[in-house]
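Reviewing the structure listed below.
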There are 2 protein chains.
Amino acid sequence: MATTGRQLRPLDEREMSAWHALIRAHNRVVRKLEAELEAEHGLTLPGYEVLAHLSEAPGEQLRMSELAQHAVLTPSGLTRLVDKLTREGLVRRDKCSADARVVYAVLTPQGRRRLEAAYPTHLRGVREHLIDALTPTQQEALSDALGELSGICRAALAEAAAGCEVTPREVTQREVTQREVTQREEAEAALAAAPRTT
Amino acid sequence: MATTGRQLRPLDEREMSAWHALIRAHNRVVRKLEAELEAEHGLTLPGYEVLAHLSEAPGEQLRMSELAQHAVLTPSGLTRLVDKLTREGLVRRDKCSADARVVYAVLTPQGRRRLEAAYPTHLRGVREHLIDALTPTQQEALSDALGELSGICRAALAEAAAGCEVTPREVTQREVTQREVTQREEAEAALAAAPRTT
DNA sequence: AGGTATTCCTTGCACATGCAAATACCTACC
DNA sequence: GGTAGGTATTTGCATGTGCAAGGAATACCT
């Protein structure tokens, strides 16, 4: 194997094992979960995630950009997915009165029902294929190792807006304004108790 | 949230964190690695994996079915990928003289060169985006937790044919025959030192 | 020997998704 | 007030991959 000018140490057995384990386990878990969700509820995993995140959001709505981050999709990918979910009546789009660029994705009652129906399947699948196969220590270790890696820390899961990735810097007027807009929108939309899921 | 007849306990914070960490970390690592491999070498990650596994096999060839398992693809998916790699001259197909159903995928010299060129990029990427971000303890834990899950244990990485998943049962004549065939083929093909990679 | 079940690989078809570009809008700064 | 730069979303295009089915070959059983 050629070595370039920059000396890189080949992966040792432990390292290679970790790498392969990530790839293989992910593939296995996701494929199984997807098959079950698809067969029983006609949902893809990202589709489920979108519904779930919307159900947890104030007013059951999220900006497309926010939702894309939550669902681990590119903006483009989310647009397609929301297109599809909209065709199926599970989601609808809404404009933002304060910023004409922004589009909200909103969970529909039908989408809520689909999500509720799929929740036990999803939970059972995640448990069966991942969580219950691990000891609490392993779960902790997994979360510890991969959590940092994935660009979020655990605290950020609860407070997405104040993620620990935020580096100390000036808070721009833009951010203040957006925060105000978001808070205003949330206050207006805070009329439905967001059911908890995933 | 509806509860079905089968009571499932919702994921607690630790469990959910582990689940999300797996999804997000995998996405992040793979996306970055893919972008680099594609930009610098015109290879997808599965494409790289195929070349790598072939280079490590006796005679630099593997049955399509074996290769599909190694590359974590369905037979169908592997067929398409090998189609593509064949068009690019990186891989060629070979018949099996002992079993007319079997097709071998064989690494070409051009494929070898591509792999060698891409190896440092891949290694650097895996290190930078995954391995070097973890402590050895975390790597171990990751491999420990996900290794079992992914249906292989660490020993099986070195001895793929005798995977620890093998349950005690009768060895059928079919398996004996296939083993003999494989050994014969390997003996015939064992004329090139398989360069080590990944 | 003949019939059936299983294996191996490929193909038809459909779907999901990302990159790059385009368009419209918003904010900060002069 | 005007402009440059940045943001948000969508669209054109291309690519990769899996399910289900099909066809050929092989193994197993009677």
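Per chain, numbering begins at 1; letters A, B, ... match sequence-line order.
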Q: Indicate, yes or no, whether a donor-acceptor pair under 3.5 Å links the base of D/dG18 to the side chain of A/Arg31.
A: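 Flag unset: no donor-acceptor pair detected.
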
Q) For the side chain of B/Arg101 and the base of C/dT7, is some donor closer than 3.5 Å to an acceptor across the two? A)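 Side chain to base: pair present.
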
For [X] and [N], give me the distance from atom [atom1] to atom [atom2], rounded to whole Å.
X       : N      : atom1 : atom2 : result
A/Met64 : C/dG18 : CE    : P     : 13 Å
A/Leu81 : C/dG18 : CG    : C1'   : 14 Å
B/Leu45 : D/dT17 : CG    : P     : 9 Å
A/Glu34 : D/dT17 : CD    : C1'   : 12 Å
B/Leu62 : C/dC9  : CG    : C1'   : 15 Å
B/Glu38 : C/dT17 : CD    : C1'   : 14 Å
A/Lys84 : C/dC15 : NZ    : C1'   : 9 Å
A/Asp99 : D/dT9  : CG    : P     : 8 Å

Check every atom of [options] against the side chain of [X] and return the nucleotide holding the closest atom.
X        : options                : answer
B/Ser65  : C/dT11, C/dC9, D/dA8   : C/dC9
B/Thr44  : D/dG16, C/dC9, C/dC13  : D/dG16
B/Val103 : C/dC25, C/dT11, C/dT10 : C/dT10
B/Ala100 : D/dA8, D/dT26, C/dC9   : D/dT26
A/Val102 : D/dT9, C/dC26, C/dG18  : D/dT9

Q. Just checking A/Ser76: base, sugar-phosphate only, or nothing, at a heavy-atom cut-off of under 4.0 Å?
A.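 Counting heavy atoms under 4.0 Å across all strands, the contact made by A/Ser76 includes a base.
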
Q: Pick base, sugar-phosphate or nothing for B/Thr79, based on heavy-atom distances below 4.0 Å to the nucleic acid.
A: base

Q) Taking A/Ser143 for the side chain and A/Gln139 for the main chain, is one N or O donor matched with an acceptor at less than 3.5 Å? A) no

Q.
Check this one for me: any side-chain N or O of B/Arg93 less than 4.0 Å away from OP1 or OP2 of C/dT10?
A. yes

Q: Report the distance from atom CZ of A/Arg113 to atom CG of A/Leu90, rounding to the nearest 0.5 Å.
A: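 Going from the CZ atom of A/Arg113 to the CG atom of A/Leu90 covers 10.0 Å.
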
Q: Using heavy atoms to find the nearest nucleotide of DNA chain C for A/Pro75 and B/Gly77 separately, return the residue whose nucleotide is more 5′.
A: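 Nearest nucleotide further toward 5': that of B/Gly77.
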
Q | Opposite nucleotide pairing with D/dT30, Watson-Crick or G-U, both atom distances under 3.5 Å | A |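 C/dA1 - that is the nucleotide pairing with D/dT30, both distances being under 3.5 Å.
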
Q. Checking salt bridge (charged side-chain N to carboxylate O under 4.0 Å, His left out) for the pair A/Glu36/A/Arg31: CA distance, chi angles, key distance, verdict?
A. CA-CA 9 Å; A/Glu36 287 162 6; A/Arg31 199 176 287 180; over 6 Å; no

Q) In terms of ring plane angle, is the pair A/His122 and A/Tyr48 parallel, tilted or perpendicular, where the classes change at 30° and 60°? A) parallel

Q | Pair B/Arg127 + A/Glu15, salt bridge at N-O below 4.0 Å | A |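 Yes, charged N to carboxylate O under 4.0 Å.
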
